[in-house]
A.B. asks: 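One structure follows; several queries about it will come next.
Throughout, a chain's letter reflects where its sequence line sits, starting with A, and its residues are numbered from 1.
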Protein chains: 2
Amino acid sequence: MPPAEKPAAGRTRDAARTRAEILDVATAEFARAGFTGARVDEIAARTRTTKRMIYYYFGSKEQLFTAVLERAYAVIRGAEQDLDVEHLDPVAAIRRLAELTFDHHEAHPDFIRLVSIENIHEAEHIAASEKLSRLNWPAIDVIARILENGRDSGAFTADVDAVNLHAMISSFCFFRVANRPTFAALFGRDLLAAGERERYRAMLGDMVIGYLTGGASSR
Amino acid sequence: MPPAEKPAAGRTRDAARTRAEILDVATAEFARAGFTGARVDEIAARTRTTKRMIYYYFGSKEQLFTAVLERAYAVIRGAEQDLDVEHLDPVAAIRRLAELTFDHHEAHPDFIRLVSIENIHEAEHIAASEKLSRLNWPAIDVIARILENGRDSGAFTADVDAVNLHAMISSFCFFRVANRPTFAALFGRDLLAAGERERYRAMLGDMVIGYLTGGASSR
DNA sequence: TGAATAATGTACGAACTGGTTCGTTATGCA
DNA sequence: TGCATAACGAACCAGTTCGTACATTATTCA
């Protein structure tokens, strides 16, 4: 997506460009059909290069999928990075953060599909990637600090840690995108309908704030 | 699982038994490897019958998967059926219903995987099944009645309908099972750890009740 | 300029996979 | 008892799929 990586090395013989193009196409193909369903020949065909290059750069279908995952995660980590919500009051900060997650999931359905696929495969590619098995904590750290502020000020009463709150927020956002097809087929409701977007967004925020501030009665 | 379907017709030549056995093995295989990843030969091998029988009874891999889905949904619908929570007060009833969903998802990880897989395939098998595209509303109806009671009594303040509340409850339960591998790989936390089970169960209940009863501030 | 090497394309093959053909055996019923 | 038919099995096939061997062209740097 950036205009040009290098000073445009000729036009043919551009390694970085070929590599990136393969990754783009592979992302779409894996998201479309799953790991086993994806066809290497199909990826090659939609590239302006050949299957040979895929193996030249990535070695195997498996490693290609891992590279796709790595890049996809890198993108979202970038987005999570530049949210400065710590100047807001805790309640507003958490709501803002939830909305950011909401927006991001909605904007990147392919990423959600890749994660679903990776879960089917027991996260073995993530486990095999050094890049991915570390660096995922910045988002968690932000939550942790907001949570601490909120507890100090007395606004938050619930007993959660940052990782579990992250799970709660993600679950709603993830479900909405990942389970859209079956939910629509079973209940006739499109969770991604444009007209209902604000409703779900508010629902998420109310849910999280309700949980954090609620007196959680009757148990 | 029932002792015998028919008066045990001989031992060989038992159509119902063969059919059921194929479905059992197919469920496990599809859940393990996804639709495309599942191997018909592998299913046949783990059965005491042959691949020929799979095509004899089900016609195609696709129809077999549909049959697997149909049976899996039938099982959970059965469980949802016999919950009588309408005599409880609305708050307790919703919490009970959420816990039931929680328990059920946890107890049937294969079902969750099948649904994930079906979502990757855009729910095309559900759409193609007459059985599945109807009958899924009993659970929704129960929620709707509880919701009405709660709103009448003033206990519930949130403006949701039954389908969306169902989505909220499901999202948390579903995520916990479906995303366990990636979540563990990225954050080192096992969402299904036995020791934390009660924590998550309470978290879900508090979340839903907090949402329904909370004054949802700051927006 | 002239290698050394990075990048690329073509054609191919071995293994696998969903699905079928052909034939056999048990079973219920007249 | 005998026959129609449901239930079953072994071998096979055509198409596909990941991956590679071999050949070629551009680029870089001494």
A.B. asks: Apply side chain to side chain donor-acceptor pair (under 3.5 Å) to Arg145(A) and list each qualifying residue two or more places apart in sequence or on a separate chain.
C.D. replies: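 Residues passing side chain to side chain donor-acceptor pair (under 3.5 Å) with Arg145(A): Glu86(A).
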
A.B. asks: Measure from CD on Glu62(A) to P on dT17(D) and round the result to the nearest Å.
C.D. replies: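 Going from Glu62(A) (CD) to dT17(D) (P), I get 17 Å.
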
A.B. asks: Take the angle between the ring planes of Phe172(A) and Tyr200(A) and call it parallel below 30°, perpendicular above 60°, tilted in between.
C.D. replies: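 Ring orientation of Phe172(A) relative to Tyr200(A): tilted.
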
A.B. asks: Apply ring pair (Phe, Tyr, Trp, His ring centres under 6.0 Å) to residues Phe187(A) and His166(B) and explain how you reach the verdict.
C.D. replies: CA-CA 10 Å; Phe187(A) 301 110; His166(B) 174 70; 5.2 Å; yes

A.B. asks: When the distance from CZ of Phe35(A) to C1' of dC18(D) is rounded to whole Å, what number comes out?
C.D. replies: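 Spelled out: CZ on Phe35(A) to C1' on dC18(D) is 10 Å.
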
A.B. asks: What is the distance from CD1 of Ile22(A) to P of dA7(C), rounded to the nearest Å?
C.D. replies: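 Roughly 12 Å, once rounded to whole Å.
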
A.B. asks: Looking at dC16(C), I'd like to know if its phosphate oxygens (OP1 or OP2) sit under 4.0 Å from a side-chain N or O belonging to Arg39(B).
C.D. replies: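 The answer is no; no side-chain N or O of Arg39(B) sits under 4.0 Å from OP1 or OP2.
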
A.B. asks: Within this structure, what is the CZ-to-C1' distance between Phe30(A) and dT17(D), rounded to whole angstrom?
C.D. replies: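 Taking atom C1' of dT17(D) as the reference, CZ of Phe30(A) is at 13 Å.
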
A.B. asks: Measure from the side chain of Asp41(A), starting at C-beta and using heavy atoms only, and say which of dA7(D), dG9(C), dT17(D) lies closest.
C.D. replies: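 My answer, after comparing the listed nucleotides, is dT17(D).
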
A.B. asks: What is the distance from CG of Leu64(A) to P of dG19(D), rounded to the nearest Å?
C.D. replies: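 Rounding to the nearest Å, CG of Leu64(A) and P of dG19(D) are 10 Å apart.
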
A.B. asks: Please tell me which of the listed nucleotides, dC8(D), dA23(D), dG19(C), lies nearest to the side chain of Arg52(A)?
C.D. replies: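 The answer is dA23(D).
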
A.B. asks: How long is the line joining CE of Met53(A) and C1' of dC22(D), in whole Å?
C.D. replies: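 Value for this atom pair: 13 Å.
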
A.B. asks: OP1, OP2 of dG19(C) versus side-chain N and O of Tyr55(B): anything below 4.0 Å?
C.D. replies: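 Yes, Tyr55(B) has a side-chain N/O under 4.0 Å of OP1/OP2 on dG19(C).
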
A.B. asks: Considering only dT17(D), dT20(D), dG9(D), which nucleotide approaches the side chain of Lys51(A) most closely?
C.D. replies: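 The answer is dT20(D).
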
A.B. asks: So, is Ser60(B) near the phosphate of dG19(C), with a side-chain N or O under 4.0 Å from OP1 or OP2?
C.D. replies: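 No, because none of the side-chain N or O atoms of Ser60(B) sits under 4.0 Å from OP1 or OP2 of dG19(C).
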
A.B. asks: Has Tyr57(B) got a side-chain N or O lying under 4.0 Å from the OP1 or OP2 atom of dA6(D)?
C.D. replies: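 For dA6(D), OP1/OP2 do not have a side-chain N/O of Tyr57(B) under 4.0 Å.
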
A.B. asks: Write down the distance between CZ (Phe58(A)) and P (dT8(C)), rounded to a whole number of angstrom.
C.D. replies: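 Result: 12 Å.
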
A.B. asks: Return the nearest nucleotide to the side chain of Lys61(A); candidates are dA7(C), dA10(D), dG19(D).
C.D. replies: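 So the nucleotide nearest the side chain must be dG19(D).
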
A.B. asks: Which whole-number value in Å describes the distance from Glu21(B) CD to dA7(D) C1'?
C.D. replies: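 Rounded to whole Å, this separation is 14 Å.
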
A.B. asks: Using a 4.0 Å heavy-atom cut-off across all strands, classify Ala44(B) as base, sugar-phosphate, or nothing.
C.D. replies: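 Nothing: the residue Ala44(B), judged by heavy atoms under 4.0 Å, touches no strand.
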
A.B. asks: Do the side-chain N or O atoms of Thr18(B) get closer than 4.0 angstrom to the phosphate oxygens (OP1, OP2) of dC8(D)?
C.D. replies: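 True: Thr18(B) side-chain N/O within range (under 4.0 Å) of dC8(D) OP1/OP2.
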
A.B. asks: Tell me if a side-chain donor or acceptor on Glu29(A) pairs with a main-chain N or O of Arg39(A) at a distance below 3.5 Å.
C.D. replies: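 Here the side-chain-to-backbone pair exists.
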
A.B. asks: For the backbone of His125(B) and the side chain of Glu118(B), can you confirm whether one donor and one acceptor N or O come within less than 3.5 Å of each other?
C.D. replies: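 Looks like yes, one N/O pair under 3.5 Å.
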
